[in-house]
Amino acid sequence: MQMLMSIAIVVQIIAAVAVIILVLLQHGKGADLGAAFGSGASGSLFGATGSANFLSRSTAAAATVFFCATLAITVGSGAFHKRAAAKQGGVLGTVTEQTAPANAGAGAADVNKDLQSNQVPR
C-alpha cells in the first residue's frame with residue numbers, strides 16, 4: 001500500500017509540472033504562433049491551428065491525470081474510512097473536562113479584579 005501511495009505522489013508531481021509547463025506554453029487569445037517565432041504560422045510544426053489543439057488536449061490530459069492521482073492519494077490515505085476516524089476520536093477526544101473549584105462563587109470577584117487591572121487604558 002505504501003508503494004502505491006509513493007507512485008501516486010510521483011505521478012501527481014509529474015502531472016502538476018506538466019500542467020504548469022503546458023499552460024505557460026500556450027498563447028493568449030490574441031497572440032498567434034507567428035508572434036512567438038517571428039514568422040507566419042503556416043510554416044510551424046503543427047500547422048496554423050495544430051499547436052493550439054495539441055497543447056489544449058495535452059493540458060486536459062495532464063489535468064485529468066493530476067486529478068486522478070489526487071483522488072487516488074485521498075482514497076489511499078484512509079480519509080474515508082469510518083473505523084479509523086472513530087478510533088481516533090478527533091480533536092475533541094483529546095480535551096479533558098475541567099471541574100470548577102468548590103469556592104467558585106467567591107473567586108469570581110477576584111477574577112474580575114485581575115481582568116480589570118490587566119486592561120490597557122485608552
Side-chain angles (χ1 to χ4, degrees):
M1 183 70 169
Q2 187 67 23
M3 184 173 161
L4 291 175
M5 287 291 290
S6 298
I7 291 172
I9 290 172
V10 169
V11 168
Q12 185 184 31
I13 291 171
I14 291 171
V17 170
V19 167
I20 291 169
I21 291 171
L22 288 169
V23 167
L24 290 176
L25 283 176
Q26 293 180 17
H27 293 285
K29 204 173 193 180
D32 58 351
L33 197 57
F37 295 109
S39 64
S42 61
S44 68
L45 180 64
F46 298 108
T49 60
S51 66
N53 289 335
F54 175 74
L55 290 176
S56 298
R57 290 180 183 171
S58 300
T59 305
T64 302
V65 170
F66 176 80
F67 286 123
C68 289
T70 303
L71 288 174
I73 291 170
T74 304
V75 170
S77 69
F80 295 116
H81 294 163
K82 291 184 181 181
R83 288 185 218 152
K87 288 180 184 176
Q88 292 175 353
V91 176
L92 294 178
T94 61
V95 176
T96 59
E97 185 176 333
Q98 297 180 355
T99 58
N103 58 358
D110 295 335
V111 171
N112 287 335
K113 286 181 185 176
D114 289 339
L115 288 176
Q116 290 175 355
S117 66
N118 290 335
Q119 291 180 352
V120 177
R122 292 182 190 199

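Every value quoted in this text rests on a predicted model; they were computed, and no experiment measured them.
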**Q** Are side-chain N/O atoms of Gln12 and Thr70 paired as donor and acceptor at under 3.5 Å?
**A**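 Yes, side-chain donor-acceptor contact under 3.5 Å.
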
**Q** Are Val65 and Ile21 linked, directly or through other ILVMFWY residues, by side chains that come within less than 4.5 angstrom of each other?
**A**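 No, Val65 does not connect to Ile21 through the hydrophobic network.
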
**Q** Is Val17 reachable from Leu25 through a run of hydrophobic residues whose side-chain heavy atoms are each under 4.5 Å from the next?
**A**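 Yes, because Leu25 and Val17 connect within a single hydrophobic cluster, where side-chain heavy atoms sit under 4.5 Å apart.
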
**Q** If you take all heavy atoms of Ala63 and Val19, which pair is closest and at what distance?
**A**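 Result for this residue pair: N-CG2, 3.6 Å.
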
**Q** Of the non-hydrogen atoms in Thr59 and Gln26, which two are nearest, and what is the gap between them?
**A**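 Shortest heavy-atom separation between Thr59 and Gln26 comes out as OG1-NE2, 2.7 Å.
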
**Q** Rounded to the nearest 0.5 Å, what separates atom SG in Cys68 from atom CD1 in Ile73?
**A**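 CD1 of Ile73 is found 11.5 Å from SG of Cys68.
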
**Q** Checking side-chain contact (heavy atoms from CB on, under 4.5 Å) against Ile13, which of Val11, Ile9, Val10 comes through?
**A**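 By the side-chain contact (heavy atoms from CB on, under 4.5 Å) criterion, Ile13 pairs with just one of Val11, Ile9, Val10: Ile9.
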
**Q** Do you know the tightest heavy-atom contact between Ala62 and Leu22?
**A**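 In this case the closest contact between Ala62 and Leu22 is CB-CD1, 4.3 Å.
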
